[in-house]
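Structure first, commentary second.
The structure displayed is predicted, hence computed values, not measured ones.
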Amino acid sequence: MVDKERKSKATTDASTQTEVIARDWVPTHLLRHFSLESEAYPRFLYKSHTLILLGVIVIILAIAANTQSLPPSATSFAQNSKTSIKYIAFSICFFGMIYLPNTLFQRPHPAVWRVILAASVFYLGVLVFILFQNKPDVLRFFHDVIDPNLGSPLPEKSYADDCRLYTPENTTSRFFNFIDALDFYILAHFFGWWVKMLVVRDWKLCMFLSIFFEWLEITFRHWLPNFWECWWDHVILDILVCNGLGILCGHFTVKWLQMKEYRWRRQMKQPNLNSVQNLVSFFKEAHFDKTDWHMFSSTKRFLAVIWYVILVNIVDLSNFFNKYILWIPANHNILLYRVLLWAFISLVSTREYYEYITSDFDGRRIPAQLWIAHLCIFIEYIILFKFTQNEFVKPFPNYVSYTWLVIFIILGVATVFLLIKDARRKLKERKQKQIKEKSS
């Protein structure tokens, strides 16, 4: 009777993907019992050490407060505020490392991904702070507290001033326009799509995302001047060279991680691995599963994948729109930190989203990292809409509007087709069930 009562109260925790008694925090011994934390680590990493870590953070904050705080002056408030923000982030991440629940990722250690979840909470706090300000005050805050180089209007560069691929009159190079387009962002595109392939783990979907984002650049280039690019920049440099090679390298990386044989027992060292390979192996997932989205298996799965495509693209678009609105230079560290944070958030939240939709939404809670990722991107766009009143008023070109109309029609037809397919499948299953009942 007691076991039945406990089972009725049990819930499936989406963060740990195991059945536990309903609670928000899963204790370490339970995680260890279900082998959710590998025994490949030394024993002291299994213990909580909460008192020791409490003393550590108190000492760190005390030393920092007495060594990094500036005495009263004309600029002390701004500098001390900047230092305070850093240590607020540090304190939240330190707490999250100890107490937040585990995610689905275990390598190199679950604490790393708990820190990412805590960093997401801090980022959420920053977004909410900006949300309740007005644009001039935010720009002044960026200039006075964050960086004096911020808060000034940005010169926007267009990449479509001269779209000739061959320039024989140029004394520097006959392909000057093409060579001039080769800058730091080529590598950024390449590595960005390499990482995105590790996130998505489906080269077909990743290739579609690459092509679709180029279409989004064409869609919004009448609002954002730096989205103007030549045809060869879209097709050759972006889709084929940078994005394509990045996706290809990511695809081979996924295959290599899938084919790798893993042994994570602490006492069993693999004799055929040297010390460097043993070290690298701690940063791989114990089960690096390839993702197969089965997009057209049902209407529910189709719409779930469509939402994932939308989510990925609005995260990328937000970077360009908000840097334009908040006057943040493309090479500023703020944008770099945001991209890096979203890369780690995407690694976890994509896996959580995939597990969530493959369970057919069977009443599980939305996992923590996935939930906060949605909240962060929604707030980013609330900020964008709040700060852009009467700014993006130029209408879309006709070719953009008509193309989107065709896209929506195709999506509508596909949805109707899948609804009919689902209805037929359910009808067939019902008939088979009735036949079995009659025969029994």
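Of the possible donor and acceptor atoms, one in the side chain of Y353 sits under 3.5 Å from a partner among the backbone N and O of A304. The main-chain N or O of V315 is never found under 3.5 Å from a side-chain atom of N319 such that the two would form a donor-acceptor pair. For the pair T350 (side chain) and L347 (backbone), a donor-acceptor distance under 3.5 Å is absent. Of the possible polar contacts, none joining the T388 side chain to the E391 backbone as a donor-acceptor pair under 3.5 Å is found. Looking at K196, its side chain never comes within 3.5 Å of a backbone N or O of C206 through a donor-acceptor pair. Counting only distance, with no hydrogens or angles, the side chain of K386 and the backbone of K135 share no donor-acceptor pair below 3.5 Å. Here the side chain of Y356 pairs no donor or acceptor atom with the backbone of I366 at under 3.5 angstrom. Here the side chain of D147 pairs no donor or acceptor atom with the backbone of L150 at under 3.5 angstrom.
Between Y308 and I357, every side-chain heavy-atom pair lies at or beyond the 4.5 Å cut-off. No side-chain heavy atom of F95 sits less than 4.5 Å from a side-chain heavy atom of I92. A heavy-atom distance below 4.5 Å is found between the side chains of W215 and I218. Taking 4.5 Å as the limit, some side-chain heavy atom of Q68 sits within range of a side-chain heavy atom of Y87. Between E214 and E229 there is a side-chain heavy-atom pair separated by less than 4.5 Å. By the 4.5 Å heavy-atom criterion applied to side chains, S210 and I247 are counted as neighbours. Between F213 and L216 the shortest side-chain heavy-atom distance falls below 4.5 Å. Counting only heavy atoms from C-beta outward, the side chains of S91 and I57 approach each other to under 4.5 Å.
Ring geometry, F94 versus F90: the interplanar angle falls from 30° to 60°, so the pair is classed tilted. The aromatic rings of H374 and F378 lie perpendicular to each other, with more than 60° between the two planes, well past the 30° mark. Taking the six-membered ring for Trp and thresholds of 30 and 60 degrees, F321 and F392 have ring planes more than 60 degrees apart, a perpendicular arrangement.
From I146, atom CD1 reaches atom CZ of R140 across 14.0 Å, with rounding to the nearest 0.5 Å. Note: L335 CG to L326 CG = 9.5 Å, rounded to the nearest 0.5 Å. Rounded to the nearest 0.5 angstrom, F132 CZ and I383 CD1 are separated by 10.0 Å. Within the model, atoms CD1 of I236 and CH2 of W231 stand 4.5 Å from one another, a figure rounded to the nearest 0.5 Å. Between I325 atom CD1 and L139 atom CG the span is 9.5 Å, to the nearest 0.5 Å. Remark: L198 CG to T253 OG1 distance equals 5.5 Å, nearest 0.5 Å.
Side-chain N/O atoms of H143 and W327 include no donor and acceptor closer than 3.5 Å. Donor-acceptor pairing under 3.5 Å is lacking for the side chains of E352 and T103. Looking only at atom types and distance, the side chain of S76 has no donor-acceptor partner in the side chain of N80 under 3.5 Å away. Under the 3.5 Å distance criterion, with hydrogens and angles disregarded, a donor-acceptor pair is assigned to the side chains of T219 and W404.
Between F220 and F320, the distance from one ring center to the other does not fall under 6.0 angstrom. For F227 and Y324, the ring centers sit 6.0 Å or farther from each other. The six-membered or imidazole ring of W256 lies away from that of F252, with a centre-to-centre distance of 6.0 Å or more.
Between T415 and L411, the shortest heavy-atom contact is OG1-O, 2.7 Å. When all heavy atoms of V199 and S346 are compared, the pair lying nearest together is CG1-O, 3.5 Å. Nearest heavy atoms, C242 versus H189: CB-CB, 3.5 Å. In terms of heavy atoms, F190 sits closest to C249 at CZ-SG, 3.8 Å. Taking both residues in full, the closest heavy atoms of I345 and A373 are given as CG2-CB, 3.7 Å, listed atom of the first, atom of the second, then distance. Residues A62 and N66 approach most closely at O-ND2, 2.7 Å, considering heavy atoms.
Heavy atoms of other residues, nucleotides or ligands lying less than 6.0 angstrom from CZ of F344 number 12 at most. Atom OH of Y337 is surrounded by 12 or fewer heavy atoms from other residues, nucleotides or ligands within 6.0 Å. Other residues, nucleotides and ligands contribute only 12 or fewer heavy atoms inside 6.0 Å of the CH2 atom of W371. Taking a 6.0 Å sphere around CZ of F417, one finds it holds 12 or fewer heavy atoms contributed by other residues, nucleotides or ligands. Heavy atoms of other residues, nucleotides or ligands lying less than 6.0 angstrom from CG of L51 number 12 at most.
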side-chain contact (heavy atoms from CB on, under 4.5 Å) between N226 and K323, worked out: CA-CA 12 Å; N226 62 344; K323 82 178 182 65; 3.3 Å; yes
Residue pair R351, R201: steps toward the side-chain contact (heavy atoms from CB on, under 4.5 Å) verdict: CA-CA 10 Å; R351 191 62 191 172; R201 303 184 191 178; 4.0 Å; yes
Check against side-chain contact (heavy atoms from CB on, under 4.5 Å), I377 and S318: CA-CA 8 Å; I377 193 60; S318 178; 4.0 Å; yes
Candidate pair R301 and V305, rule side-chain contact (heavy atoms from CB on, under 4.5 Å), full reasoning: CA-CA 6 Å; R301 180 65 64 85; V305 176; 4.2 Å; yes
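Partner of E380 under the side chain to side chain contact (heavy atoms under 4.5 Å, CB included) criterion, out of I130, I314, L127: L127 alone.
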If you look only at distance, which donor and acceptor atoms sit under 3.5 Å apart when one is on a side chain in residues 393-402 and the other is two or more places apart or in another chain?
residue: Y399; atom: OH; partner: R221; partner atom: NH2; Å: 3.1
residue: S401; atom: OG; partner: P397; partner atom: O; Å: 3.3

